Amino acid sequence: MVLPHSGAGPNALLPLLQLLPDPYELIGVTLPGRERRMADKYDDAATDPAHVIDPVLAELGSLPSLPTVLFGHSLGAALATALVCADPSVCVALVLSAHAPTGSSSQLADVWDDDALLDFLDRGAGTPAEVLADAVWRKVVLDLLRRDLMLGTRLVRQRAGNPLPVPTTVLGGVQDRLVSFTELEEWAAYTTAGIRTLSLPGGHFYLLADANRQAVADEICAAFTPEHWRDETWTTSS
């Protein structure tokens, strides 16, 4: 299952997901206000995580029982950890990208004005300048991002202190200006079933860089393999 970052739907990660081999079935989580759910109301989902978590768990519960890995990038990682804390049987492993266990200070706030959002986008370096230069699209992007970040803050606070009950891979970019790799390594204190950490060159969207996509895809596939977790806790950084 794929859970994407703030302001985006799963299609934003297609350049990476296309590298996963055929035997793996992909399920993308699309929050309201984007892609196929562009017209759906989002206010309740942004203020109460249950409006997001409960429907996803219900959908997974309706599917045939298969080994499942949750892969989340940034906000998506916060969603993935909330899902597994709500129901540990939802997956066999987690792959978390660019998200700290207690949230990065650059990603947590109760109020997001436009200047703060623009600074966030600048540090993330994932939004084309021409999109923000258009007044209409700029408003769409900022309004959606504001709600996503509000949701992310609530998810982090709701999960605070709860250990992750499944093996976890933590990935991040060395030059990420939103969350440092030192913060990502703190996940070791929040896992009870094994952890692997891997740093790759690049910023917040390191996972979409040509040089990194295959390595990230390989980590997602490896998370399905029991031998990948033969040691209780081990860490590899490169």
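Bear in mind that the values here come from a model prediction, so they are computed numbers and not experimental data.
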What is the minimum heavy-atom distance between [X] and [Y], and which atoms define it?
| X | Y | value |
| --- | --- | --- |
| Pro10 | Pro4 | N-CG, 3.5 Å |
| Pro49 | Leu155 | CB-CD2, 3.6 Å |
| Pro165 | Pro88 | CG-CB, 3.8 Å |
| Ser97 | Tyr206 | OG-OH, 2.6 Å |

Heavy-atom count around Gln214 CD within 6.0 Å, excluding the residue itself: above 12?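 Yes, the 6.0 Å shell around CD holds more than 12 heavy atoms from other groups.
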When you group the ILVMFWY residues by side-chain heavy-atom contacts below 4.5 Å and let the links chain together, are [Y] and [X] in the same group?
| X | Y | value |
| --- | --- | --- |
| Tyr24 | Leu17 | yes |
| Leu94 | Ile27 | yes |
| Trp137 | Phe120 | yes |
| Leu19 | Leu198 | no |
| Leu14 | Ile220 | no |

Any donor-acceptor pair under 3.5 Å linking the side chain of His99 with the backbone of Leu184?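 Flag not set: sc His99 to bb Leu184 has no pair under 3.5 Å.
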Any side-chain to backbone donor/acceptor pair from Arg123 onto Leu121? Under 3.5 Å, distance only.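 Such a contact is absent between Arg123 side chain and Leu121 backbone.
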Looking at Arg138 and Asp134, is there a salt bridge between them, counting it only when a charged N and a carboxylate O are closer than 4.0 Å?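 Arg138 and Asp134: not salt-bridged.
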Between Asp114 and Arg146, does any NZ, NE, NH1 or NH2 come within less than 4.0 Å of an OD or OE carboxylate oxygen?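 Salt bridge present between Arg146 and Asp114.
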Of Leu16, Leu96, Leu20, the residue whose pairing with Phe71 passes side chain to side chain contact (heavy atoms under 4.5 Å, CB included):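 In the set Leu16, Leu96, Leu20, the residue that makes a side chain to side chain contact (heavy atoms under 4.5 Å, CB included) with Phe71 is Leu16.
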Applying salt bridge (Lys or Arg N to Asp or Glu O under 4.0 Å), can you list everything that pairs with Asp122, at least two apart in sequence or on another chain?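 Asp122 satisfies salt bridge (Lys or Arg N to Asp or Glu O under 4.0 Å) with Arg177 once adjacent residues are dropped.
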